[in-house]
2 protein chains.
Amino acid sequence: MPTLTSAQRRAQARQEYDAFLAGCPSRQLLDRISDKWVTLILAALGDDDGSCGQVAGPARAMRYSELSRQLAGVSQKMLTQTLRALERDGLLTRTVTPTVPVTVRYELTDLGLSLHQAIRAIKSWAEEHMDEVIRSRETYDAHAT
Amino acid sequence: MPTLTSAQRRAQARQEYDAFLAGCPSRQLLDRISDKWVTLILAALGDDDGSCGQVAGPARAMRYSELSRQLAGVSQKMLTQTLRALERDGLLTRTVTPTVPVTVRYELTDLGLSLHQAIRAIKSWAEEHMDEVIRSRETYDAHAT
DNA sequence: ACAGGTACTCTCCACTGGGAAGTAGGCACC
DNA sequence: GGTGCCTACTTCCCAGTGGAGAGTACCTGT
């Protein structure tokens with residue numbers, strides 16, 4: 001085989017890279033936090049409100065229905081799925097209390113709390129710079145027209 | 001209409017929330033950085049290698065093909081799309097030089113660089129705690145079996 | 001006995017992102 | 001001089017992911 005097409009070369013590179021990717025912990029975490037609902041749940045449980053400074057409250061532990069209400073955009077499927085994933089990763093604990101209707105409480109672990117701190121940094125950035133981003137979008141769109 | 005079903009109430013809550021959501025800058029940003037490729041491009045351009053401590057290099061500006069190589073997992077479609085979005089948001093600049101085959105250079109703006117700093121915090125967290133997460137997953141899976 | 005609440009699960013569907021191939025347009029080799 | 005290659009994309013098609021909404025199990029109050 002004399003020459004490889006660029007497509008072939010790219011495919012090969014990707015394969016090597018994927019193999020390397022699978023073994024990279026940081027990348028795995030990135031896939032985890034690159035999930036909209038993960039960050040929102042972290043924010044909701046991490047005492048600061050997850051809803052832009054309105055429904056505040058230092059609620060450290062929350063019930064399924066509370067989370068569902070606070071993150072109103074989430075589908076029940078994704079809420080359950082995401083909570084399970086976070087529990088699996090040791091970021092929160094799930095406690096079932098066999099009360100009248102069962103009560104399930106979700107609470108951040110120390111690990112989850114520490115990740116929440118990192119996410120707060122992103123949130124601060126957003127609050128500080130989001131207006132710049134929005135202005136940039138406006139001028140960009142204006143030029144594009 | 002005497003009673004609303006819980007489904008109806010939920011639907012209503014979601015609508016109000018969505019309307020409010022649209023006006024929330026932090027949430028908009030969250031949608032932006034909750035994109036796998038956005039963070040990876042930020043990492044690649046932000047001088048520290050985006051590839052787990054291997055292909056290091058303080059390359060501040062990169063060409064399309066360089067990015068494509070370094071983030072080998074990305075499809076060309078998504079790379080283009082993501083770069084355009086980041087340019088629109090004022091996080092990076094796109095410079096076309098009409099050389100023999102056109103050369104396009106992408107470079108972080110100060111704004112992009114500052115976001116990169118925040119993302120580094122997440123990266124540090126990952127490097128510090130990812131082994132705990134992995135261990136948690138293993139024990140969780142073991143119990144589930 | 002029947003509506004209601006909690007914490008889910010299930011099914012269907014629309015949209016998103018991936019893969020691969022195509023495009024423009026200029027050089028370069030034969 | 002035509003075939004082929006380079007970069008930086010765009011386009012098309014398809015599979016997988018997430019959302020909407022209904023269904024489930026179990027108990028309670030009236």
Side-chain angles (χ1 to χ4, degrees), chain A residues 2-15 17-18 21 30-32 34-41 61-87 92-106, chain B residues 1-15 17-18 21 31-32 34-41 61-87 92-106:
Chain A
T3 40
L4 291 167
T5 68
S6 57
Q8 282 174 319
R9 262 178 284 119
R10 224 183 309 119
Q12 197 181 345
R14 202 179 49 75
Q15 268 198 358
Y17 183 81
D18 279 354
L21 219 180
L30 199 114
D31 282 353
R32 168 60 19 90
S34 284
D35 182 323
K36 186 181 173 184
W37 299 120
V38 166
T39 47
L40 288 175
I41 288 174
M62 293 177 81
R63 302 183 52 178
Y64 182 86
S65 47
E66 285 181 283
L67 282 166
S68 175
R69 238 169 288 131
Q70 186 155 12
L71 312 173
V74 76
S75 67
Q76 295 184 317
K77 185 176 83 174
M78 281 318 290
L79 182 54
T80 306
Q81 206 177 97
T82 311
L83 286 168
R84 290 281 148 80
L86 290 174
E87 188 197 358
L92 55 78
T93 54
R94 178 175 181 273
T95 334
V96 182
T97 325
T99 50
V100 179
V102 269
T103 306
V104 186
R105 293 167 80 256
Y106 294 94
Chain B
M1 63 285 282
T3 40
L4 291 167
T5 68
S6 57
Q8 283 173 318
R9 263 179 284 117
R10 226 182 308 119
Q12 198 181 343
R14 201 179 51 73
Q15 267 197 0
Y17 183 80
D18 279 356
L21 219 180
D31 282 352
R32 170 59 21 90
S34 282
D35 183 324
K36 185 181 172 185
W37 298 120
V38 166
T39 46
L40 288 174
I41 288 174
M62 292 178 79
R63 302 184 52 179
Y64 182 88
S65 47
E66 285 180 282
L67 282 166
S68 175
R69 239 170 286 130
Q70 186 155 10
L71 313 173
V74 75
S75 67
Q76 295 184 316
K77 184 176 83 173
M78 282 316 292
L79 183 53
T80 305
Q81 206 174 98
T82 311
L83 286 168
R84 289 282 147 78
L86 290 175
E87 188 197 358
L92 54 77
T93 54
R94 177 173 179 273
T95 335
V96 182
T97 325
T99 50
V100 177
V102 271
T103 306
V104 185
R105 293 168 81 256
Y106 293 95

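Note on naming: letters A, B, ... go to the chains in the order of the sequence lines (proteins, then strands), and numbering restarts at 1 for each one. The basis for the numbers below is simple: all heavy atoms, side chains too, and nothing from hydrogens, waters or symmetry mates.
In terms of the side chain to side chain contact (heavy atoms under 4.5 Å, CB included) criterion, residue partners of A:T103 (sequence neighbours excluded) are, by chain and number, A:R63, A:T97, A:T99, A:R105. By the side-chain hydrogen bond (donor to acceptor under 3.5 Å, both in side chains) test, A:R94 is found to be paired with A:Y106, residues two or more places apart in sequence or in another chain being considered. Contacts of A:T93 classified as side-chain hydrogen bond (donor to acceptor under 3.5 Å, both in side chains), with partners at least two apart in sequence or in another chain: none.
For the pair B:L83/B:L67, a side-chain contact is recorded, criterion being any heavy-atom separation below 4.5 Å from C-beta on. Between A:L30 and B:T39 there is a side-chain heavy-atom pair separated by less than 4.5 Å.
Here the side chain of B:V104 is nearest to one of D:dC9, C:dC8, C:dG18, namely D:dC9.
One interatomic measurement links the two molecules: CG of A:L79 to C1' of C:dA7, which rounds to 10 Å at whole-angstrom precision. At whole-Å resolution of the value, NZ in B:K36 and C1' in D:dG16 are 13 Å apart. A:D35 places its CG atom 14 Å from the C1' atom of D:dG19, with the value rounded to the nearest Å. A straight line from CD of A:E66 to C1' of C:dT6 spans 12 Å, rounded to a whole angstrom. Following rounding to the nearest Å, B:R105 (CZ) and D:dA8 (P) show an atom-to-atom distance of 11 Å. The CZ-C1' distance, from A:R63 to C:dA7, rounds to 9 Å in whole Å. Taking atom CD1 of A:I41 as the reference point, atom P of D:dG18 lies 13 Å away to the nearest angstrom. Separating the CE atom of A:M62 from the P atom of C:dT6 is a distance of 14 Å, rounded to the nearest angstrom.
Mapping A:M78 and B:Y106 onto DNA chain D by nearest heavy atom places B:Y106 at the nucleotide closer to the 5' end. The nearest heavy atom of DNA chain C to B:Q81 and to A:T103 marks one nucleotide each, and the one closer to the 5' end goes with A:T103.
Distance CD1/A:I41 to CE/A:M78: 8.5 Å, rounded to 0.5 Å. Atoms OG1 and NZ, from B:T82 and B:K36 in turn, are 11.0 Å apart once rounded to the nearest 0.5 Å. In this structure, CG on B:L86 lies 11.0 Å from CD on B:Q81, to the nearest 0.5 angstrom.
Contact between B:L40 and B:L71 at its shortest, heavy atoms only, is O-CD2, 3.8 Å.
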Interface polar pairs with nucleotides 26-30 of chain D, N/O, under 3.5 angstrom:
none

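Fit an axis to the five pairs at each end of the helix from C:dA1-D:dT30 to C:dC30-D:dG1 and the two axes sit 20° apart, to the nearest 10 degrees.
Distances shown here put a side-chain N or O of B:S65 below 4.0 Å from the OP1 or OP2 atom of D:dA8. Residue A:W37 places none of its side-chain N or O atoms closer than 4.0 Å to OP1 or OP2 of D:dG18. Considering only side-chain N and O atoms, A:R94 lies under 4.0 angstrom from the phosphate OP1 or OP2 of C:dC8.
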Next item on the list: Any chance you could list the contact pattern along nucleotides 9-16 of chain C? Use B for base contacts, S for sugar-phosphate-only contacts and - for none, protein heavy atoms under 4.0 Å, 5' to 3'.
Entry: BBB-----

